[in-house]
Chemist: 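Sharing a structure, written as structure tokens. Questions coming.
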Amino acid sequence: MLPRVFHAEDGKDLAQRIQPRGYLFSIVKYFGPFLLLAAGFFIFGARFFDTRILKLQSPKSGFLPCITVEPSGINRWIKPPSSLLHNMSDHELFWLASFAPEVKNYPFKRLPKVAFMFLTRGPLPLSPLWEKFFKGNEGLYSIYIHSLPGYKASYPKDSVFYKRQIPSQVAEWGRMSMCDAEKRLLANALLDLSNEWFVLLSESCIPLYNFSIIYKYFQRSHFSFMGVFDDKGPHGRGRYNPNMAPLITIDQWRKGSQWFEVDRKLAIYILQDTKYYSKFKEFCKPPCYVDEHYFPTMLHIEKSDLIANSSLTFVDWSRGGAHPATFGKDDITEEFMKKKLLSGWDCMYNGQHSSLCVLFARKFAPSSLQPLLQLAPALLGYG
């Protein structure tokens with residue numbers, strides 16, 4: 001292949017092709033600094049403008065909106081609700097709370113707790129006594145309060161009752177709305193997977209022993225505690241409505257105390273029931289008081305092997321009438337506490353005779369608080 005010969009014409013064409021590039025280079029050389037300066041002003045101005053906009057749009061308090069980080073992994077399911085307030089309907093709440101894992105062994109370190117569920121009309125006048133009872137046992141209990149919907153609690157931030165109210169509805173004595181309130185307490189408490197035992201209490205209840213004794217009593221028991229008995233008189237079987245048959249026969253009809261303690265398994269069963277609920281709602285109305293018959297009858301029929309047929313809450317019916325005795329300031333003496341509440345008992349506990357039969361008592365008037373606080377350290381073991 002012969003080498004190409006360079007001609008003058010070729011040089012001329014090459015020079016013509018190079019000339020435009022040299023021209024552009026000259027322009028960049030002279031005007032480049034001005035272009036860089038203009039670009040700098042443009043970038044600075046844009047950032048300054050954005051900053052001014054942000055300042056104008058930000059709230060006066062100076063707080064920026066925060067993003068809630070949801071728990072990841074299993075913590076999303078085992079962490080109890082950060083607030084007891086929600087807008088779920090009863091149907092939604094009961095459905096959510098009735099879930100139960102089929103695998104018995106928990107995949108996390110679970111410390112079983114006692115859920116103390118207070119069914120009240122408003123304030124808790126004996127709360128200072130309960131504060132002393134709970135003190136030093138953090139992590140072993142949860143508190144839930146169902147009061148009248150319009151009641152606004154004013155507990156201090158350091159109180160165990162602070163922000164422990166659940167969304168509530170009106171509960172009428174002797175009607176199904178009372179059992180609805182009890183189920184509402186159970187459902188909210190079941191949302192915390194660590195709650196294992198559930199105790200229903202009123203604003204007039206007091207604990208008769210220290211927390212450790214009560215906790216161990218629940219922990220070691222093979223049964224739940226629901227007052228169940230066959231009252232053949234007018235205030236028992238006399239309240240039975242034949243329209244409940246064949247689901248409930250008169251021989252299955254039972255009566256019991258409203259105040260109970262159940263374990264998690266039984267609490268879920270109570271929450272899931274719709275079969276017996278509809279019968280009692282339709283056919284048990286005053287003078288049939290549904291809160292005295294619904295749970296006792298249902299559990300007698302379906303879960304009799306899981307209940308002890310007795311209540312752990314003492315109530316004094318010795319004075320007669322439609323309501324139990326109320327104890328006021330003048331009733332609270334050392335002799336009264338020892339003879340009436342703390343001795344003379346005999347019951348069955350895990351198949352063995354026991355003298356420890358009641359753990360709570362009612363009804364105590366607000367005036368009883370001061371003498372109870374004075375007697376609690378020596379007689380009740382707390383305070």
Side-chain angles (χ1 to χ4, degrees), residues 111-119 124-145 159-161 189 195-227 257-263 307-316 324-327 331-365 368-383:
L111 184 61
K113 296 191 295 186
V114 182
F116 291 86
M117 309 179 302
F118 290 88
L119 182 58
L124 293 172
L126 303 177
S127 60
L129 186 71
W130 282 98
E131 294 271 5
K132 294 183 179 298
F133 168 77
F134 286 120
K135 187 176 181 180
N137 297 285
E138 292 75 16
L140 294 175
Y141 66 86
S142 302
I143 296 173
Y144 303 87
I145 304 171
S159 170
V160 297
F161 298 103
N195 286 332
E196 182 63 27
W197 306 287
F198 304 79
V199 187
L200 183 66
L201 303 158
S202 75
E203 67 267 33
S204 65
C205 285
I206 67 166
L208 296 177
Y209 298 92
N210 63 45
F211 187 93
S212 179
I213 290 176
I214 292 177
Y215 185 89
K216 290 176 181 177
Y217 196 91
F218 294 152
Q219 188 179 44
R220 296 170 180 172
S221 176
H222 302 161
F223 303 96
S224 291
F225 295 87
M226 176 79 66
S257 171
Q258 177 183 4
W259 315 103
F260 59 77
E261 180 277 323
V262 296
D263 64 13
I307 55 177
N309 293 334
S310 61
S311 173
L312 295 177
T313 301
F314 169 77
V315 182
D316 185 5
T326 298
F327 306 117
D331 295 305
I332 311 305
T333 63
E334 183 174 347
E335 182 182 8
F336 165 80
M337 298 294 288
K338 286 182 176 180
K339 290 186 176 181
K340 192 78 170 180
L341 303 176
L342 302 175
S343 63
W345 296 100
D346 182 39
C347 61
M348 300 298 292
Y349 178 74
N350 292 340
Q352 303 292 327
H353 283 277
S354 174
S355 60
L356 186 58
C357 303
V358 292
L359 305 180
F360 309 95
R362 67 185 302 268
K363 300 172 59 174
F364 288 84
S368 67
L369 177 61
Q370 290 306 316
L372 284 171
L373 288 172
Q374 293 173 4
L375 294 172
L379 292 182
L380 307 182
Y382 59 88

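Since the model is a prediction, treat every value here as computed from it, not as a measurement.
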Chemist: Using side-chain heavy atoms (C-beta onward) and a distance below 4.5 Å, is Leu379 in contact with Glu334?
Modeler: yes
Chemist: Do Cys347 and Leu356 touch side chain to side chain, with heavy atoms closer than 4.5 Å?
Modeler: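 No - every pair of side-chain heavy atoms lies 4.5 Å or more apart.
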Chemist: One pair to check against side-chain contact (heavy atoms from CB on, under 4.5 Å): Leu373 and Lys132. What are the steps and the verdict?
Modeler: CA-CA 9 Å; Leu373 288 172; Lys132 294 183 179 298; 3.9 Å; yes
Chemist: On a heavy-atom basis, which atom in Arg220 and which in Asn350 lie closest, and how many Å separate them?
Modeler: O-ND2, 2.9 Å
Chemist: Are Tyr141 and Tyr215 side-chain neighbours, meaning at least one heavy-atom pair lies under 4.5 Å?
Modeler: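 Sidechains of Tyr215 and Tyr141: no contact.
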Chemist: With a 6.0 Å cut-off on the ring centroids, do Phe327 and Phe336 count as close?
Modeler: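 Centroid separation for Phe327 and Phe336: below 6.0 Å.
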Chemist: Can you name the closest pair of heavy atoms from Phe133 and Asn210 and give their distance?
Modeler: CE1-C, 3.6 Å
Chemist: Distance only, no hydrogens: is a donor on one side chain within 3.5 Å (strictly under) of an acceptor on the other, for Lys338 and Ser343?
Modeler: no
Chemist: Would the Phe225 and Tyr217 ring centres measure less than 6.0 Å apart?
Modeler: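 Yes, close enough.
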Chemist: Would you please indicate if the ring centroids of Phe314 and Trp345 are separated by under 6.0 Å?
Modeler: yes
Chemist: Do Ile332 and Phe364 come within less than 4.5 Å of each other through their side chains, counting heavy atoms only?
Modeler: yes
Chemist: With sequence neighbours excluded, what pairs up with Asp316 under the salt bridge (Lys or Arg N to Asp or Glu O under 4.0 Å) test?
Modeler: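 Salt bridge (Lys or Arg N to Asp or Glu O under 4.0 Å) check on Asp316 returns Lys340.
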Chemist: Report the C-alpha separation of Leu208 and Leu359 in whole Å, then their side-chain angles, then the decisive distance to 0.1 Å, and conclude whether the side-chain contact (heavy atoms from CB on, under 4.5 Å) test is met.
Modeler: CA-CA 5 Å; Leu208 296 177; Leu359 305 180; 5.9 Å; no
Chemist: At what distance, to the nearest 0.5 angstrom, does CZ of Arg362 lie from OG of Ser202?
Modeler: 4.0 Å
Chemist: Between atom CG of Asp263 and atom CG of Asn195, what is the distance when rounded to the nearest 0.5 Å?
Modeler: 12.5 Å
Chemist: Just wondering, more than 12 heavy atoms not from Gln352 lying within 6.0 Å of its CD?
Modeler: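 Counting neighbours around CD of Gln352, 12 or fewer heavy atoms of other residues, nucleotides or ligands fall under 6.0 Å, so no.
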Chemist: For Gly139 versus Leu111, what's the shortest heavy-atom pair and its separation?
Modeler: O-CD2, 3.7 Å
Chemist: How long is the gap from CG on Leu124 to CG on Leu201, to the nearest 0.5 Å?
Modeler: 10.0 Å
Chemist: Let me confirm one number: the CG-OG distance from Asp346 to Ser354, rounded to the nearest 0.5 Å.
Modeler: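 Result: 8.0 Å between the selected atoms.
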Chemist: Do Glu261 and Phe198 make a side-chain contact, defined as non-hydrogen atoms from C-beta onward lying under 4.5 Å apart?
Modeler: no
Chemist: Heavy atoms only: give me the nearest Val358-Tyr209 pair and the separation to one decimal.
Modeler: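 Looking at all heavy atoms of both residues, the shortest contact is O-CE1, 3.3 Å.
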Chemist: Are any side-chain N or O atoms of Ser221 and backbone N or O atoms of Phe218, one a donor and one an acceptor, separated by less than 3.5 Å?
Modeler: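 Looks like no, no N/O pair under 3.5 Å.
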Chemist: Roughly how far, to the nearest 0.5 Å, is CD of Gln374 from OG1 of Thr333?
Modeler: 12.0 Å
Chemist: Under a 4.5 Å cut-off applied to non-hydrogen side-chain atoms, are Phe223 and Val262 in contact?
Modeler: no
Chemist: Run the numbers on Met337 and Leu372 for side-chain contact (heavy atoms from CB on, under 4.5 Å), then give the verdict.
Modeler: CA-CA 9 Å; Met337 298 294 288; Leu372 284 171; 4.1 Å; yes
Chemist: Calculate, to the nearest 0.5 Å, the distance between atoms OG and CZ belonging to Ser311 and Phe360 respectively.
Modeler: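 Output value for this atom pair is 9.5 Å.
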Chemist: Answer with yes or no after comparing the ring centroid distance for Trp130 and Phe118 against a 6.0 Å cut-off, counting only values under it.
Modeler: yes
Chemist: Would you say that more than 12 heavy atoms from the other residues, nucleotides or ligands in this model lie under 6.0 Å from the NZ of Lys113, or not?
Modeler: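 Yes - once you tally the heavy atoms of other residues, nucleotides and ligands closer than 6.0 Å, there are more than 12.
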Chemist: Please find out if less than 6.0 Å separates the ring center of Phe134 from that of Phe116.
Modeler: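 Yes, the ring of Phe134 comes within the 6.0 Å limit of the ring of Phe116, centre to centre.
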Chemist: If I compare all heavy atoms of Pro207 with all of Ile214, which pair ends up nearest, and what's the gap?
Modeler: CB-CD1, 4.2 Å
Chemist: Quick one: are Leu380 and Leu375 in side-chain contact, heavy atoms under 4.5 Å?
Modeler: no
Chemist: Using the salt bridge (charged side-chain N to carboxylate O under 4.0 Å, His left out) rule, take Lys135 and Glu131 through it: C-alpha gap first, then chi angles, then the decisive distance, then the call.
Modeler: CA-CA 6 Å; Lys135 187 176 181 180; Glu131 294 271 5; over 6 Å; no
Chemist: Tell me if the centroids of the rings in Phe211 and Tyr382 come within less than 6.0 Å of each other.
Modeler: no
Chemist: Just wondering, do Glu196 and Val114 contact through their side chains at under 4.5 Å, heavy atoms?
Modeler: no
Chemist: Would you name the heavy atoms of Tyr349 and Lys216 that are closest together and state the gap between them?
Modeler: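 Here Tyr349 and Lys216 meet closest at OH-O, 4.2 Å.
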